Amino acid sequence: MNKTDSEQRRHPRVPLGVTLDINMKGATASKCRATITDLSEGGMAVKTNADLEQGMTLHFNFKPALQIRGEVRSVQGPTGGQRRYGVRFHKIGYSPAN
């Protein structure tokens, strides 16, 4: 018997609707816009029309100085021109304002 995605998650997810820029690192480093659809302590789901790949490293910067690095772990869609990506957090850092 297979567990559902929600049963496999370690942390509960909270619905969200925040739009932000994602920085993608690598040979084709660029930036895209995405909307966070849900968020947990260990990861989040984002929707975007950008073409991201499983295993890709993403960098999220929030103001004033919250920085998150995550990895694309799942891809769903496209639906309505957008795909839904599951992102696992690898590093969360905060630098207080000077």
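Note that the structure is predicted; figures quoted are calculated from it, not measured.
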Please name the pair of heavy atoms, one in [X] and one in [Y], separated by the smallest distance, quoted to 0.1 Å.
X	Y	answer
V46	A34	CB-CB, 4.2 Å
A45	R13	N-NH1, 3.3 Å
C32	T48	SG-OG1, 4.1 Å

Quick one: side-chain hydrogen bond (donor to acceptor under 3.5 Å, both in side chains) partners of [X], sequence neighbours excluded?
X	value
H90	E71
T37	none
R33	D21

*asked:* Between F89 and L39, is there a side-chain heavy-atom distance shorter than 4.5 Å?
replied: yes

*D38 versus L16: any side-chain heavy-atom pair under 4.5 Å?*
no

Gap separating the [atom1] atom of [X] from the [atom2] atom of [Y], nearest 0.5 angstrom:
X	Y	atom1	atom2	value
S74	R83	OG	CZ	12.5 Å
I36	T19	CD1	OG1	8.5 Å
I22	Y85	CD1	OH	9.0 Å
M24	H59	CE	NE2	11.0 Å

Kindly list each side-chain donor-acceptor pair under 3.5 angstrom involving residues 51-58, sequence neighbours excluded, with atom names and distances?
residue: Q54; atom: NE2; partner: R73; partner atom: O; Å: 2.8

*Identify, with sequence neighbours excluded, every residue that meets side chain to side chain contact (heavy atoms under 4.5 Å, CB included) alongside E41.*
H11

*Contacts of N61 that satisfy side chain to side chain contact (heavy atoms under 4.5 Å, CB included) - sequence neighbours left out*: N23, Q67

